[in-house]
2 protein chains.
Amino acid sequence: MTPPPELAPLEVSESPVDKFREYLEIRGEKLTEQRRKLVDHIFNSHKHFDADELVSDLRHSGSRVSRSTVYRTLRLMVDAGLLRELRLTNRTAYEHNYGYPSHDHMHCTGCGTIVEFRNDSIRRIREEIGDQFGFRADNHRFIITGMCPECLRARSRRRKLDQI
Amino acid sequence: MTPPPELAPLEVSESPVDKFREYLEIRGEKLTEQRRKLVDHIFNSHKHFDADELVSDLRHSGSRVSRSTVYRTLRLMVDAGLLRELRLTNRTAYEHNYGYPSHDHMHCTGCGTIVEFRNDSIRRIREEIGDQFGFRADNHRFIITGMCPECLRARSRRRKLDQI
DNA sequence: TTACATGCAAACACTTTGCAGCTGA
DNA sequence: TCAGCTGCAAAGTGTTTGCATGTAA
């Protein structure tokens with residue numbers, strides 16, 4: 001099975017670290033060693049992650065950043081527009097929001113896989129609904145839940161075995 | 001300001017309690033006093049609620065149902081198809097799923113208000129995307145976040161005052 | 001009669017916070 | 001220099017669970 005195609009990154013003029021530095025400067029805050037490590041690590045790969053994975057990933061790669069700092073920095077990065085929060089389960093998952101096109105998600109209830117997709121109609125519908133209710137529609141989350149192809153196959157295999 | 005129009009309930013052949021009883025019977029479980037109280041209370045009004053509100057609402061109306069029982073029963077009611085979970089914030093919110101048409105939500109980031117709406121295109125898009133990726137698309141959540149009319153007005157009032 | 005449910009308290013999982021010492025600008 | 005940051009441990013918050021007792025069928 002080929003992995004689902006990743007969406008192509010957007011062209012952005014500043015690097016994530018620069019964008020973060022800018023945000024911090026405006027608020028009179030500092031770009032520390034730990035914050036830089038976090039931004040670098042996060043934007044080094046494009047995947048969904050949570051606070052816990054971040055702590056252990058960094059620990060394994062030799063950089064120790066405390067759990068509290070991870071949580072504090074994640075909040076800053078969301079405020080800075082670098083990350084977006086996804087609340088699919090009890091723990092908060094994050095994804096890139098900077099240098100990456102807006103998109104929606106399919107979530108497999110079997111294995112937890114998240115697949116991203118783009119669909120331009122959604123945004124139009126969002127505006128229509130907002131107008132209709134007098135809302136200023138700033139953003140949206142559209143999450144399709146169901147079974148991914150792998151899980152569907154696994155299930156039908158299991159059923160066949162049960163019949164023997 | 002008139003409240004947003006509620007969606008009209010669907011015609012259903014069984015009452016929520018009957019539907020729950022049926023579900024419990026199949027699994028060899030029991031319809032207890034507490035479970036009946038919870039179902040009655042929940043389907044007595046149509047609103048979004050969380051476990052905590054349920055505990056205190058019931059306490060105020062004289063029926064004591066323990067927090068653990070509330071959590072356990074909510075899970076059962078979700079499994080039974082009576083309720084749906086919404087994860088808008090840290091705590092899990094619930095809404096009617098039985099005898100109520102499927103719909104989506106607008107969530108005001110100012111005051112937390114939830115407004116329901118129906119839009120038939122969404123479901124069609126959900127199927128299209130599912131087909132495209134080989135997913136069996138069972139369900140979806142579409143949440144528009146933004147500012148409700150009241151919060152927009154309150155904000156513009158505040159701005160005017162700031163200028164004085 | 002008895003398998004299942006309840007309430008309590010304790011455990012759990014995730015996240016936030018107070019504080020003493022450290023550090024980037 | 002010193003406001004702001006870090007790590008630690010402790011506290012919060014929301015939810016789940018083990019167990020003795022209670023109860024629907």
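Below, chain A is the first sequence line, B the second, and so on; all start at residue 1. Small disclaimer: the values here were computed from a predicted structure and weren't measured.
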request  = Pick base, sugar-phosphate or nothing for A:R35, based on heavy-atom distances below 4.0 Å to the nucleic acid.
outcome  = sugar-phosphate
query = B:M147 and B:I114: same hydrophobic cluster, using ILVMFWY side-chain contacts below 4.5 Å?
reply = no
message = Quick check: on DNA chain C, is the nucleotide nearest B:N90 upstream (toward 5') of the one nearest B:G28, or the reverse? Name the residue that is more 5'.
response = B:G28
query = Between atom CZ in A:R75 and atom P in C:dT15, what is the gap in whole Å?
reply = 11 Å
key: Salt-bridge criterion met for B:E33 and B:R35 (N-O under 4.0 Å)   = no
note = A:R87 CZ to C:dC14 C1', in whole Å, measures 12 Å
ask   = Heavy atoms under 4.0 Å, any strand shown: does B:S68 hit a base, just sugar-phosphate, or nothing?
value = base
request  = Could you state the atom-to-atom distance from OH of B:Y71 to C1' of C:dA11 in whole Å?
outcome  = 15 Å
ask   = Can we say A:E128 and A:R124 salt-bridge, meaning some charged N sits less than 4.0 Å from an Asp/Glu carboxylate O?
value = yes
Pairwise 5' ranking along DNA chain C for B:R67 and B:R27, keeping only the more 5' one = B:R27
inquiry  = Categorize B:R72 for me: base, sugar-phosphate, or nothing, with a 4.0 angstrom heavy-atom threshold over every strand shown.
reply    = base
task = Grab the CZ-P distance between A:R91 and C:dT16 for me, whole Å please.
result = 14 Å
query = Quick one: are A:F135 and B:T113 in side-chain contact, heavy atoms under 4.5 Å?
reply = no
Start and end of the DNA chain D segment that chain B contacts, any atom under 4.0 Å from a heavy atom = D:dG14 to D:dA25
inquiry  = Per the salt bridge (Lys or Arg N to Asp or Glu O under 4.0 Å) rule, what does the pair list look like for residues 59-73 of chain B, sequence neighbours excluded?
reply    = B:D52-B:R67
key: Net bend of the helix from C:dT1-D:dA25 to C:dA25-D:dT1, end axes of five pairs each, nearest 10 degrees   = 40°
request  = Answer yes when B:K37 and B:D40 have at least one side-chain N-carboxylate O distance shorter than 4.0 Å, and no when they do not.
outcome  = no
